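Everything below concerns the one structure shown next.
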Amino acid sequence: MLNFDFYNPTQILFGKGRIADLAKVVPADARVLVLYGGGSIKSNGVFDEVMAALAGRTVQEFSGIEPNPSYETLMQAVELIRKEKLDFLLAVGGGSVIDGTKFVAAAVNFEGDPWTILEKRGRNITSALPFGTILTLPATGSEMNDGSVVTRKSLQAKMAFSNKLVFPKFSILDPAKTFTLPVRQIGNGVVDAYAHVMEQYMTYPVNSPVQDRFAEGLLQTLIEEGPKALANPEDYDTRANIMWCATLALNGLIGAGVPQDWATHMVGHELTALYGLDHAQTLAIVLPGMLRVRKEGKRAKLLQYAARVWGITEGSEDARIDQAIQRTQDFFEKMGVKTRLSDYQLGAQNIDAILKHLESHRMVTLGEQRDVTLDVSRKVLELSV
């Protein structure tokens, strides 16, 4: 096992009716900005519950944070906070709203150009406003980590940052608030969480059985529970299991002490920045090809994955690996997330533009071994056509 630091200060309030506990975790004298997306929280009753729980506090709202939060929109929130002297943020929504709130929290008191937060991957953050989250779309794990991804539309750039100062103070996870999610978002959330686990698990062995077993358990749970959520969206236990899986998939625990990949995510970010695909859609496109092209470097873990997650133990090593990768791709399809560029009206003619963007963002040596060159990325994309 590799050396590691593990730090996670986020308080989780999990279960039915927990929005009422906002009154206990938001300071009584806080001047609060509630940030959210397209407004579904007003039609499903979540907004009213939030406002009731925050009674007695100064509360303002900021809506319109996009599914891929844009720098341009988030800077409007920054200006509102500065103008109104607000001092506590509450993100109500999915990973995009939470990611956006992290950037806002870091940018409000940042000296200099806030875009450099993204350019320097968050290393230059020295302070951040406190914030909490109410999760309505389990997928990214942003509710319990210090990472964020922000898109700058004018540059067609989608970039990530992290810093310990942007861990949420608390996150409220009520599975019942996910009952009204569209089918597309249910599938996306499961695929997103699955890919997060794979980025930390599917590398090479370092004698870390605890992390491996945690990761395999999360993958198996997503395989079992994901289709149930599509079939019966209002099954509380199913939604609770998926919600907790998505949080544990990226809260730092399974990635502690093991090598991590993230090449699939970096290539996927360019697909979103250029063509507007959902984040999970890009992961479903790229991950199977990434596993096929890099099969030799991941051979030991692919065989372990085949046996422990999919129960594949018969046949040659290559046959078991190929079957495990195909089962992964089939699972994404079963969740309603298509896995080919052609499913999104893209093809071989788009690959050069994607590679050009990877190069411009210095994404030219990716992966746990830093061996995912532009040539490797090209092969991955060609397999995904």
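One is the number of the first residue; the rest follow in order along the sequence. What you are looking at is a predicted structure, and each value in this text was computed from that prediction instead of being measured.
- Across every non-hydrogen atom of T328 and A324, the tightest pair is OG1-O, 2.8 Å.
- Under the 4.5 Å side-chain criterion, counting only non-hydrogen atoms from C-beta, Y201 is not in contact with V258.
- At a threshold of 4.5 Å between non-hydrogen side-chain atoms, the residues R308 and D212 count as touching.
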Check the pair E296, R299 against side chain to side chain contact (heavy atoms under 4.5 Å, CB included), reporting the backbone distance first and the verdict last. CA-CA 5 Å; E296 289 309 314; R299 177 172 288 270; 2.7 Å; yes
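- If you run side-chain contact (heavy atoms from CB on, under 4.5 Å) between V59 and each of V26, V50, L54, only L54 comes through.
- Side-chain atoms of D48 never come within 3.5 Å of backbone atoms of G45 as a donor-acceptor pair (strictly under, hydrogens ignored).
- For the atom pair L381 CG and L355 CG, the distance stands at 6.0 Å (nearest 0.5 Å).
- I312 and L219 fall within the same hydrophobic cluster, defined by Ile, Leu, Val, Met, Phe, Trp and Tyr side-chain heavy atoms under 4.5 Å apart, directly or through other members.
- Counting heavy atoms of neighbouring residues, nucleotides and ligands inside a 6.0 Å radius, atom CZ of R362 does not exceed 12 of them.
- Contact check on R239 versus D174 returns no salt bridge, with no Lys/Arg side-chain nitrogen under 4.0 Å from an Asp/Glu carboxylate oxygen.
- Nearest heavy-atom pair across I254 and A249 is CD1-O, 3.7 Å.
- For the 3.5 Å distance criterion, the side chains of Y36 and T136 fail to qualify, holding no donor opposite an acceptor.
- Side-chain contact annotation: K102 with N145, donor-acceptor N/O pair under 3.5 Å present.
- Salt-bridge formation is detected for the pair R18/D21: a Lys NZ or Arg NE/NH1/NH2 atom is positioned less than 4.0 Å from an Asp or Glu carboxylate oxygen.
- Considering all non-hydrogen atoms of both residues, V191 and A284 come closest at CG1-CB, 4.2 Å.
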For D99 and S142, run side-chain hydrogen bond (donor to acceptor under 3.5 Å, both in side chains): C-alpha distance rounded to whole Å, both residues' side-chain angles, the deciding distance at 0.1 Å, then the answer. CA-CA 7 Å; D99 277 15; S142 190; 2.6 Å; yes
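- The main-chain N or O of M144 is found under 3.5 Å from a side-chain atom of N8 such that the two form a donor-acceptor pair.
- Within a 6.0 Å sphere centred on CD of E111, other residues, nucleotides and ligands contribute 12 heavy atoms or fewer.
- Comment: K379 does not engage E382 in a salt bridge, judged by the lack of any side-chain N to carboxylate O separation of less than 4.0 angstrom.
- Of all heavy-atom pairs spanning F6 and N251, the tightest one is CE1-O, 3.8 Å.
- Side-chain N or O atoms of E359 include none that pairs as donor or acceptor with a backbone N or O of L374 at under 3.5 Å.
- At distances below 3.5 Å, not a single donor-acceptor pair connects side-chain atoms of D192 with backbone N or O atoms of N188.
- With Q211 contributing its side chain and A256 its backbone, the two residues share a donor-acceptor pair below 3.5 Å.
- At least one donor-acceptor pair closer than 3.5 Å links the side chain of Y344 to the backbone N or O of K338.
- Shown here is K295, whose NZ atom has more than 12 heavy atoms of other residues, nucleotides or ligands within 6.0 Å.
- Put simply, the side chain of V376 reaches to within 4.5 Å of the side chain of T373, judged on heavy atoms.
- Screening Q260, R294, Q200 for a side chain to side chain donor-acceptor pair (under 3.5 Å) with E368, the sole residue that qualifies is R294.
- Under 3.5 Å, the side chains of D322 and Q326 contain no donor-acceptor pair of N or O atoms.
- When hydrophobic clusters are built by joining Ile, Leu, Val, Met, Phe, Trp and Tyr residues whose side-chain heavy atoms come closer than 4.5 Å, directly or via intermediates, M159 is not grouped with L366.
- One N or O on the side chain of R57 and one on the backbone of A23 form a donor-acceptor pair closer than 3.5 Å.
- Taking the six-membered ring for Trp and thresholds of 30 and 60 degrees, F179 and Y236 have ring planes more than 60 degrees apart, a perpendicular arrangement.
- Cluster membership for I19 and L137, using ILVMFWY side-chain heavy atoms within less than 4.5 angstrom, is not shared.
- Not a single side chain to side chain donor-acceptor pair (under 3.5 Å) links R327 to another residue, sequence neighbours left out.
- L2 has its side chain within reach of P259: a pair of non-hydrogen atoms, C-beta onward, lies under 4.5 Å apart.
- The side-chain heavy atoms of Y71 and S154, taken from C-beta on, include no pair separated by under 4.5 Å.
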Start with the C-alpha distance between I117 and F103, add both sets of side-chain angles, then the distance that settles side chain to side chain contact (heavy atoms under 4.5 Å, CB included), and finish with yes or no. CA-CA 8 Å; I117 292 173; F103 174 78; 4.2 Å; yes
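- Side chains of T238 and N232: no donor on one and acceptor on the other come within 3.5 Å.
- For the pair M202/D261, no side-chain contact is recorded, criterion being any heavy-atom separation below 4.5 Å from C-beta on.
- V149 is not connected to F161 by any chain of hydrophobic side-chain contacts under 4.5 Å among Ile, Leu, Val, Met, Phe, Trp and Tyr, and they are in different clusters.
- Summarising the geometry of V286 relative to V267, their closest heavy-atom pair is CG2-CG1, 4.0 Å, with the distance given to 0.1 Å.
- Counting only heavy atoms from C-beta outward, the side chains of R152 and L118 never approach each other to under 4.5 Å.
- A donor-acceptor pair under 3.5 Å is formed between the side chain of N44 and the backbone N or O of V46.
- Residues I134 and V166 do not share a hydrophobic cluster, defined by chaining ILVMFWY side chains whose heavy atoms lie under 4.5 Å apart.
- No salt bridge links E72 with K153; every basic N to acidic carboxylate O contact stays at or beyond 4.0 Å.
- Residue R121 places its CZ atom among more than 12 non-hydrogen atoms of other residues, nucleotides or ligands, all under 6.0 Å distant.
- With sequence neighbours excluded, the residues that form a side chain to side chain contact (heavy atoms under 4.5 Å, CB included) with L383 are R292, V293.
- Judged purely by distance below 3.5 Å, without hydrogens or angles, the side chains of T133 and E143 never pair a donor atom with an acceptor atom.
- Clustering of Ile, Leu, Val, Met, Phe, Trp and Tyr side chains at separations under 4.5 Å places F167 together with Y7.
- Contact between V104 and L74 at its shortest, heavy atoms only, is CG2-O, 3.7 Å.
- Residue E314 places its CD atom among 12 or fewer non-hydrogen atoms of other residues, nucleotides or ligands, all under 6.0 Å distant.
- The shortest distance between side-chain heavy atoms of L90 and F170 falls below 4.5 Å.
- Counting only distance, with no hydrogens or angles, the side chain of Q369 and the backbone of G297 share no donor-acceptor pair below 3.5 Å.
- Using a 4.0 Å cut-off between charged nitrogen and carboxylate oxygen, K228 and D237 do not count as a salt-bridge pair.
- Listed for the T272 side chain is a donor-acceptor partner under 3.5 Å among the backbone atoms of L277.
- Taking the six-membered ring for Trp and thresholds of 30 and 60 degrees, H196 and W262 have ring planes inclined between 30 and 60 degrees apart.
- In this structure, H269 and H279 have tilted ring planes: the angle between them lies in the 30° to 60° band.
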Report the C-alpha distance between T282 and E270 in whole Å, list the side-chain angles of each, state the deciding distance to 0.1 Å, and finish with yes or no for side chain to side chain contact (heavy atoms under 4.5 Å, CB included). CA-CA 9 Å; T282 73; E270 304 301 347; over 6 Å; no
Can E225 and M243 be said to form a side chain to side chain contact (heavy atoms under 4.5 Å, CB included), step by step? CA-CA 10 Å; E225 300 294 309; M243 182 172 255; over 6 Å; no
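- Between L291 atom CG and L287 atom CG the span is 4.5 Å, to the nearest 0.5 Å.
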